[in-house]
Amino acid sequence: MTFIIRSALMKSNLWLPGLSAVRAISSPVGPTPPFTTLSVSQPATAVTHIELHRPEKRNAMNKAFWREMVECFTQIAEDPDCRVVVVSGAGEVFTAGIDLMDMASEVLQPEGDDMARTSWNMRRIIAKYQETFSVIERCPKPVVVAVQGACVGGGVDLITACDIRLCTQDAWFQVKEVDIGLAADVGTLQRLPKVIGSRSLVNELALTARKMYADEAKESGLVSRVFLDKEAMMAGALEMAGEIAGRSPVAVQGTKVNLIYSRDHSVAEGLNYMATWNMSMLQTEDVMKSAAASMEKKSPKTITFSKL
């Protein structure tokens, strides 16, 4: 599948594809070894594209997926050649959520000789699955997620751990867990209230499992931009990733770390952490390079920054 990357133009809340080709994102025929559920590529300088790649299963999350996401993002966090990540889903939908057929034995039948040991093992399993999306949030590289079609259950857990969320006009989102007899336990109930301003809306979505469509997702703040179709969305995602990758990695990664810290702490605590952070991070040549480019009215993308 190939997306011709075009510049995007804003028109009200809808982004439409421009006319000039920027870059092509080419997905391999299948997942990228050693992964079996993910396709990983570098469509542009310093940009890594991770594609959920089980289109025949609507990108449902099987046992391998939960492990491979941790492995993939652990590698990316330490990769100096990557400055920003784009996450998308192969095929017509982003993800149908958890693969119940594949996961049932581990989730519904945890091992243990008695209630205490069974419960201990269940807690370990849940914590392991939570790590699959927490590793995205901890990754210092900004993560842009692009959603088309359905984003169900675990998909909402995934996207709320990302930094920037984009979607197509036909996208819809569903906190599905109450429909299958459980409370969402890998991130949605913790992160969605911090993403959407209305606690009432969060409660409604989580308690009724109703679908939220693109327009409401944009209005509520779940996504920041809505695109006409997947091709335009991937063009916009890559263009945005290129803008981020063109800035100082010291500045970009420091910004992400401090935004997340501030979300979870008071203003006073956030300011103190920021002062401690920048007492060392300001001692970088990136500041002088960026200032010089600004005075010369040049884009930061014209600067060659050292790897981080």
Side-chain angles (χ1 to χ4, degrees), residues 1 3-6 8-17 25 27 37-39 49-61 65 69 85-99 133 136 142-177 179 184 186-188 191-198 201-202 204-206 208-241:
M1 183 184 300
F3 300 106
I4 304 301
I5 304 305
R6 300 186 175 98
L9 302 176
M10 178 72 84
K11 183 178 181 182
S12 299
N13 288 338
L14 184 67
W15 276 45
L16 302 175
I25 297 181
S27 300
T37 67
L38 305 175
S39 171
H49 178 213
I50 300 174
E51 185 179 54
L52 313 188
H53 210 291
R54 298 185 75 212
E56 73 287 354
K57 297 291 186 180
R58 297 169 62 83
N59 296 323
M61 302 171 175
F65 165 84
M69 283 287 283
V85 183
V86 175
V87 177
S88 68
E92 297 182 357
V93 304
F94 181 69
T95 178
I98 189 171
D99 188 333
F133 303 132
I136 299 174
V143 181
V144 180
V145 65
V147 178
Q148 83 283 358
C151 179
V152 179
V156 179
D157 294 295
L158 190 162
I159 68 169
T160 52
C162 297
D163 302 294
I164 300 172
R165 291 168 293 278
L166 315 174
C167 77
T168 56
Q169 200 172 31
D170 70 346
W172 53 273
F173 308 84
Q174 186 177 25
V175 184
K176 183 70 172 174
E177 282 79 359
D179 276 356
V186 292
T188 289
R191 295 189 177 99
L192 190 59
K194 297 179 183 295
V195 170
I196 294 178
S198 169
L201 178 57
V202 171
E204 177 189 343
L205 294 171
T208 68
R210 77 164 175 85
K211 296 178 181 179
M212 171 188 275
Y213 293 92
D215 289 346
E216 186 181 5
K218 171 69 166 60
E219 182 181 356
S220 69
L222 179 60
V223 301
S224 54
R225 296 179 184 174
V226 178
F227 294 81
L228 180 64
D229 54 28
K230 186 176 180 180
E231 183 179 11
M233 176 179 66
M234 295 308 298
L238 185 59
E239 184 177 17
M240 184 180 295

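As the structure is a prediction and not an experimental result, all values here were calculated from the model.
With sequence neighbours excluded, the residues satisfying side chain to side chain contact (heavy atoms under 4.5 Å, CB included) with Ala96 are Arg58. Every residue meeting the side-chain hydrogen bond (donor to acceptor under 3.5 Å, both in side chains) condition with Glu204, not counting sequence neighbours, appears here in chain and number order: Arg210. Residues that satisfy the side-chain hydrogen bond (donor to acceptor under 3.5 Å, both in side chains) test with Arg54, not counting sequence neighbours, are Asp99. Partners of Thr160 according to the side-chain hydrogen bond (donor to acceptor under 3.5 Å, both in side chains) rule, which considers only residues two or more places apart in sequence or in another chain, do not exist here. Applying the side-chain hydrogen bond (donor to acceptor under 3.5 Å, both in side chains) criterion to Thr95, with sequence neighbours excluded, gives no partner residue.
Donor-acceptor pairing under 3.5 Å is recorded for the side chains of His49 and Ser88.
Across every non-hydrogen atom of Leu166 and Ser224, the tightest pair is CD2-OG, 3.9 Å. Of all non-hydrogen atoms in Ser220 and Met212, the two that sit nearest each other are OG-CE, 3.8 Å. Residues Thr188 and Pro193 approach most closely at O-CD, 3.6 Å, considering heavy atoms. The shortest heavy-atom contact between Met234 and Ala146 is SD-CB, 3.9 Å. Taking all atoms of both residues into account, the shortest heavy-atom contact from Ala232 to Phe227 is O-CD2, 3.5 Å. For Gln148 against Lys230, the heavy-atom pair with the smallest separation is NE2-NZ, 3.5 Å.
A 4.5 Å side-chain heavy-atom check between Ile136 and Cys162 finds at least one atom pair inside the cut-off. Put simply, the side chain of Asn59 does not reach to within 4.5 Å of the side chain of Phe94, judged on heavy atoms. Residues His53 and Leu38 form no side-chain contact, since every pair of their non-hydrogen atoms from C-beta on lies 4.5 Å or further apart.
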Report the C-alpha separation of Val195 and Leu222 in whole Å, then their side-chain angles, then the decisive distance to 0.1 Å, and conclude whether the side-chain contact (heavy atoms from CB on, under 4.5 Å) test is met. CA-CA 6 Å; Val195 170; Leu222 179 60; 4.0 Å; yes

Can Thr168 and Val147 be said to form a side-chain contact (heavy atoms from CB on, under 4.5 Å), step by step? CA-CA 6 Å; Thr168 56; Val147 178; over 6 Å; no

Does the side-chain contact (heavy atoms from CB on, under 4.5 Å) test come out yes or no for Leu52 and Leu158, once each step is laid out? CA-CA 11 Å; Leu52 313 188; Leu158 190 162; 4.3 Å; yes

Evaluation steps, side-chain contact (heavy atoms from CB on, under 4.5 Å), between Gln174 and Cys151: CA-CA 6 Å; Gln174 186 177 25; Cys151 179; over 6 Å; no

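Atom CD of residue Glu219 and atom CD1 of residue Ile196 lie 11.0 Å apart, to the nearest 0.5 angstrom. The CG atom of Leu201 lies 7.5 Å from the CG atom of Leu192; values are rounded to the nearest 0.5 Å.
Residue Phe173 is tested with Val152, Val223, Leu205 for a side chain to side chain contact (heavy atoms under 4.5 Å, CB included); the sole match is Val223.
Under the salt bridge (charged side-chain N to carboxylate O under 4.0 Å, His left out) criterion, the residue pairs touching residues 151-164 are Asp163-Lys256, with sequence neighbours excluded.
For Asp215, the CG atom is loosely surrounded, since the number of other residues' heavy atoms within 6.0 Å does not exceed 12.
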